[in-house]
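Some notes on the structure that comes next.
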Amino acid sequence: MSHRGTLLRGACIGLGTVAALAACRTPVEQLPVTPIQRPVEAPCCEGAPDGLHLEYLGVGGWLIRHGESALLTAPFFSNPGMLDVALGRIETDTALVDTFLPPVEDVSAILVGHGHYDHLLDVPYIARVRAPSARVYGSLSTIHTLTGDPELDPGRLVSVEDQAGDAGAAGEWIEVEGGSIRFMALRSEHAPHYMELNLFAGHHVEPLEGLPDRASGWLEGQTLAFLIDLLGPDGEPVYRIHYQDAAAEPPAGFPPRLPDRKGVDLMIVCVPGAEQVNGYPEAIVGHLAPRRVILGHWEDFFRPRTEGLRLSPGTDIDAFIRRVEGALPEGGEWIMPLPGLISTGPVRTCESC
Ligand SMILES: [Zn+2]
Ligand SMILES: [Zn+2]
């Protein structure tokens, strides 16, 4: 049975100016968010392993712990204002990162889906200070961008662009330290931001000599999605997550048919941009038929979270939810989590079923 949130009406769609966008933002009280901590997956009878920790950090950021392994997808907390993004200079707000990022010293992999500032700006600080033994995995352009930080050991920056798969061909599995998680990059795409216009598109084709100080310098590069497998003691996948940090036109981001024939248990989808492409997210949700879909990247990242949460400007959340519900398999469920409040601690065990 699908989750039935109170859907918001009259969403902000079709607005054409920054001023109009800024005026039309929905406060969190009117959104169908999941207001309490809850397990991301139902008990083991539905296949989730004990000990999974999955936490929404905001924007494209997720913290996943399983067994001896810990992984981040690129988190973002600095949230510079729209004017600074459009015209000014932007930089990491380390106080905001430290306020909202939980302890991640044990994280050994940071996955970056694409190089826009809202996915990459905070990664250098996080990799240097908060997750100092993590490797950062992304496209070649993303790695070239991060090379601009002279304090970040280039040996920790890994392009997975050549190892990425797609709907027709398997990519390479990369095992995370600890042996309890592995991932595979998938070639994906990035929906236009507005009216077929994709801001900050393009690639950095060689290593930068300094980090960009304007939003326009954080180029998208090859956008990637990821399959993330939680592994059992025998090294076999027990739970499969599909992660996407940008809406994409199908079949971009689709995984290939893999020899293990294991299905996707959980999808993390990206809310903004869906209305700019055909078929997202319903095509990939319908294709992968997961038991659970989590809506990510839904909140307004043009203001600090200390000022409260509200819906990303220009997002029609009603339409997005209708598309998800129309594509979910029988018994499937969706969740729209509050950052920091999705699931902390292990999932329930069979005893609590
Ligand atoms: Zn982007
Ligand atoms: Zn984004």
Side-chain angles (χ1 to χ4, degrees), residues 18 21 25 56-62 72-82 84-86 90 92-93 96-97 100 110-124 126 136-146 161 185-204 212 214-226 242-249 252-253 267-277 280-281 294-305 309-317 320 336-337 339:
V18 167
L21 287 171
R25 293 173 180 174
Y56 183 40
L57 302 174
V59 194
W62 297 83
L72 275 174
T73 61
F76 181 58
F77 306 98
S78 292
N79 294 15
M82 202 177 272
D84 285 336
V85 169
I90 58 172
T92 293
D93 185 325
L96 283 176
V97 175
F100 291 107
I110 302 174
L111 310 187
V112 184
H114 66 283
H116 286 155
Y117 79 92
D118 60 313
H119 298 262
L120 200 56
L121 177 73
D122 290 347
V123 167
I126 291 168
V136 184
Y137 299 89
S139 71
L140 187 57
S141 177
T142 287
I143 299 311
H144 283 336
T145 308
L146 294 176
E161 196 165 321
L186 302 167
R187 273 180 287 279
S188 190
E189 291 176 356
H190 191 298
H193 293 90
Y194 184 71
M195 289 183 67
E196 299 186 13
L197 179 65
N198 196 343
L199 301 171
F200 319 143
H203 302 245
H204 287 298
R214 293 180 185 274
S216 56
W218 296 86
L219 299 183
E220 174 192 339
Q222 169 67 55
T223 291
L224 301 169
F226 292 93
H242 182 275
Y243 167 79
Q244 209 160 17
D245 72 357
E249 191 150 312
M267 285 183 68
I268 297 172
V269 296
C270 178
V271 171
E275 63 279 0
Q276 301 291 323
V277 291
Y280 189 84
I294 303 186
L295 281 53
H297 204 329
W298 59 263
E299 74 280 7
D300 182 355
F301 55 92
F302 290 109
R303 66 179 200 164
R305 206 185 298 168
L309 289 163
R310 53 189 184 189
L311 188 66
S312 181
T315 298
D316 185 345
I317 195 69
F320 192 91
M336 182 167 157

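Start at 1 and go down the list; that is how both ligands and their atoms are numbered.
Less than 6.0 angstrom separates the ring centroid of Tyr56 from the ring centroid of Trp62. Between His119 and His297, the distance separating the two ring centers is shorter than 6.0 angstrom. Checked against a 6.0 Å centroid threshold, the rings of His203 and His144 do not count as neighbours. A centroid separation of 6.0 Å or more is found between the aromatic rings of Tyr137 and Phe226.
Using a cut-off of 2.8 Å, one finds that Cys270 contributes no N/O/S atom close to the Zn ion (ligand 2).
For the pair Arg305 and Phe77, the NZ or CZ position fails the cation-pi test of under 6.0 Å to the six-membered ring centre and within 45 degrees of the ring normal.
A 4.5 Å side-chain heavy-atom check between Val59 and Glu299 finds at least one atom pair inside the cut-off.
For the Zn ion (ligand 1), the nearby protein N/O/S atoms, meaning those under 2.8 Å, are His114 NE2, His116 ND1, His190 NE2.
The Zn ion (ligand 2) is closest to atom NE2 of His297 (considering only N, O or S atoms).
Defined by atom type and a distance below 3.5 Å, a donor-acceptor pair is present between the side-chain atoms of Ser139 and Thr142.
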